[in-house]
There are 2 protein chains.
Amino acid sequence: MLRILEPEPREAAAFINTNRKRGLIAVFCICGGTYRGRAAADLPTGPYLILIKPDGSLLVHGSEKATPLVWNPPGSSNMAVVEGGTLVLKSLRTRPSESVVLKIERVFEIVLFDAGSSSVRLRGTEKDIVDMLVKNPDIIEPGLKVVGVEVPTEAGHIDILALDKNGEYIVVEVKRDVADHEAVFQLRRYVEAVAKARGRARGILVAADITSSAFHYLREYNLGFVKIRPRELAEKLLNKTEFEDTSIDVEK
Amino acid sequence: MLRILEPEPREAAAFINTNRKRGLIAVFCICGGTYRGRAAADLPTGPYLILIKPDGSLLVHGSEKATPLVWNPPGSSNMAVVEGGTLVLKSLRTRPSESVVLKIERVFEIVLFDAGSSSVRLRGTEKDIVDMLVKNPDIIEPGLKVVGVEVPTEAGHIDILALDKNGEYIVVEVKRDVADHEAVFQLRRYVEAVAKARGRARGILVAADITSSAFHYLREYNLGFVKIRPRELAEKLLNKTEFEDTSIDVEK
DNA sequence: TTTTAGATCTCGTTG
DNA sequence: CAACGAGGTCTAAAA
């Protein structure tokens with residue numbers, strides 16, 4: 001970890017350009033700046049924390065919010081220059097063409113820190129719920145047989161395609177949280193596509209909850225709804241898997 | 001700006017708890033931790049930068065990506081404690097109930113920085129485009145008369161509702177960038193709702209571009225498309241406004 | 001590269 | 001507080 005305090009503009013620029021690929025650079029400073037690209041924004045001059053990451057990410061954080069005030073995503077080219085005695089940090093991105101330009105009036109401290117690059121594995125995602133439901137389709141409807149997952153149709157990818165006990169196609173759309181009307185329209189599209197391609201189909205929305213208007217549309221389009229509690233479901237299935245594993249061990 | 005280097009756990013905890021409402025706290029450290037809530041994640045032990053904001057936001061950044069590895073949003077309650085000699089940072093949020101717990105094994109530096117709270121005003125948003133189109137509806141179609149903006153229907157809010165030169169209702173959906181098939185389905189819903197409520201309606205999608213599948217659906221549903229160049233449009237209308245202002249001055 | 005859809009989306013606005 | 005929709009969304013995965 002390297003650290004410089006109250007550096008002169010030239011010193012700061014050299015430090016940033018030398019180390020921008022070596023680790024996370026944190027610049028505690030007073031600056032103002034602009035963003036130009038898909039939209040446009042101006043950052044009023046004030047005290048901010050600038051983060052420059054080795055992957056090209058540039059973030060300017062204030063004292064509020066989880067999201068940066070201005071930023072450029074990974075893959076951007078960041079460079080520090082001294083223009084007319086002031087330190088200027090330029091971040092350029094192509095496709096789409098976007099720029100962040102920061103005029104840094106005063107630098108309190110710059111830190112170079114070799115931060116970790118580990119990614120975090122998330123559990124409890126929609127994909128996890130789909131996996132559980134595929135292994136336990138009776139949760140959706142007794143007698144259901146899963147035909148496919150992420151099945152492509154002309155209207156998009158179906159979370160789960162199944163056959164009910166009468167051999168009719170069932171289209172299942174899964175949401176991990178509150179399903180809104182968009183989810184219902186999504187399901188409706190998929191059902192229409194399957195009906196068109198394979199004759200007849202029913203749709204079932206599986207979610208932790210549903211908004212009132214989504215429920216309204218669900219009835220209007222004659223679609224089904226199955227309420228799940230993702231957390232409890234995860235526990236239950238974890239136990240079931242453990243039980244099954246034990247059984248297998250016994251059988252062996 | 002306050003700064004402590006290589007603090008002991010007790011010292012670090014005291015510093016964080018004393019200052020967490022006073023400014024942005026940046027902790028350069030080695031830590032591991034967990035997130036539990038809407039989903040679940042485990043952060044492997046490594047060097048990270050922790051940001052604690054006065055509004056309750058907690059961010060853990062690594063060397064990659066624009067988004068934090070784990071985080072808690074504004075409004076969270078953050079507290080540092082020492083448990084069995086190790087510094088532990090706990091962040092709690094209610095509704096939804098979520099927690100981030102970080103076990104900090106080593107602290108290199110903690111900085112308290114009174115970062116600015118200014119918000120950034122964005123230009124070139126969809127709202128800006130809608131405003132321009134309302135003032136210049138001929139861009140959409142010659143002879144168009146705007147009836148309303150953000151008009152509520154049972155299917156949602158219509159960006160622009162207008163009447164064409166024959167007195168037929170026109171539903172306009174605006175996208176500032178590439179319109180995808182969701183935008184087309186959205187427009188279709190609005191047109192259906194207006195047709196149901198007011199007799200007859202046409203739909204026009206106004207966007208900078210359109211995906212191929214969106215275009216396919218557009219034709220299928222017999223909806224129109226008007227391509228705009230938001231940036232050029234903004235310039236043109238800015239000039240026009242200046243011209244109009246001048247005219248008004250002259251008339252006065 | 002384009003397209004698609006999820007996300008601990010976040011954030012603002014409205015009822 | 002719920003609901004709705006935009007966003008410079010970001011991000012990963014698939015075609």
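We name chains A, B, ... by the order of the sequence lines, and we start the count at 1 in each one. The figures here come from the full heavy-atom set of this structure, side chains too, leaving out hydrogens, waters and symmetry mates.
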On DNA chain C, nearest-nucleotide positions of A:Ala66 versus A:Val120: which is more 5'?
A:Val120
Whichever of A:Gly156 and B:Leu69 has the more 5' nearest nucleotide on DNA chain C, that residue is A:Gly156
Could you state the atom-to-atom distance from [atom1] of [X] to [atom2] of [N] in whole Å?
X: A:Asp42; N: D:dG8; atom1: CG; atom2: P; value: 14 Å
X: A:His157; N: D:dA12; atom1: NE2; atom2: C1'; value: 14 Å
X: B:Lys175; N: D:dG7; atom1: NZ; atom2: P; value: 8 Å
X: B:Ile210; N: C:dT4; atom1: CD1; atom2: C1'; value: 15 Å
X: A:Arg93; N: D:dT9; atom1: CZ; atom2: P; value: 9 Å
X: A:Glu182; N: C:dG6; atom1: CD; atom2: P; value: 11 Å
X: A:Asp180; N: C:dA7; atom1: CG; atom2: C1'; value: 13 Å
X: B:Lys65; N: C:dA7; atom1: NZ; atom2: C1'; value: 15 Å

Between [options], which nucleotide has the shortest distance from any of its atoms to the side chain of [X]?
X: A:Arg95; options: D:dG8, C:dT10, C:dT2; result: C:dT2
X: B:Arg176; options: D:dC10, D:dT9, C:dT8; result: D:dT9
X: B:Trp71; options: D:dC4, C:dT8, D:dG8; result: C:dT8
X: A:Glu98; options: D:dG8, C:dT8, C:dA5; result: D:dG8
X: B:Thr211; options: C:dG12, D:dG8, C:dT4; result: C:dT4
X: A:Leu122; options: C:dT8, C:dT4, D:dG7; result: C:dT8
X: A:Glu126; options: C:dA7, D:dG8, C:dC11; result: C:dA7
X: A:Ser213; options: C:dT8, D:dC4, C:dC11; result: D:dC4

Residues A:Glu182, A:Lys175: salt bridge by 4.0 Å N-O rule
no
State plainly whether the residues B:Lys90 and B:Glu83 are in salt-bridge range, i.e. N to O under 4.0 Å.
yes
Is [X] touching bases, backbone alone, or none of the nucleic acid, heavy atoms closer than 4.0 Å?
X: A:Gly37; value: nothing
X: B:Gly124; value: nothing
X: A:Val178; value: nothing
X: B:Glu173; value: sugar-phosphate
X: B:Tyr190; value: sugar-phosphate
X: A:Asn72; value: base
X: B:Pro74; value: sugar-phosphate

Establish whether the base of D:dG7 is bridged to the side chain of B:Asp177 by a donor-acceptor pair shorter than 3.5 Å.
no
On a heavy-atom basis, which atom in [X] and which in [Y] lie closest, and how many Å separate them?
X: B:Ile50; Y: B:Leu102; value: CD1-CD1, 3.7 Å
X: B:Tyr48; Y: A:Ser118; value: OH-OG, 2.5 Å
X: B:His61; Y: B:Leu69; value: C-CD1, 4.3 Å

Run the ring-centre check on B:Phe28 versus A:Phe113 and record whether the distance is less than 6.0 Å.
yes
Salt bridge (Lys or Arg N to Asp or Glu O under 4.0 Å): which pairs involve residues 115-125 of chain A, sequence neighbours left out?
A:Arg123-B:Asp42
Please tell me which of B:Glu150 and A:Ser119 maps to the more 5' nucleotide of DNA chain D, matching each residue to the nucleotide holding its nearest heavy atom.
B:Glu150
Phosphate contact ([N] OP1 or OP2) by [X] side-chain N/O below 4.0 Å:
X: A:Arg38; N: D:dT9; value: yes
X: A:Arg121; N: D:dA12; value: no
X: B:His181; N: C:dA5; value: yes
X: B:Gln186; N: D:dC4; value: no
X: B:Thr67; N: D:dT11; value: yes

Using the [atom1] atom in both, what is the distance from [N] to [M], to the nearest Å?
N: C:dT4; M: C:dT8; atom1: P; result: 22 Å
N: C:dA5; M: D:dG8; atom1: P; result: 22 Å
N: D:dT9; M: D:dG5; atom1: C1'; result: 12 Å

Determine the interplanar angle of the A:Phe215 and A:Phe225 rings, folded into 0 to 90°, and report it as parallel if under 30°, tilted if 30 to 60°, perpendicular if over 60°.
perpendicular
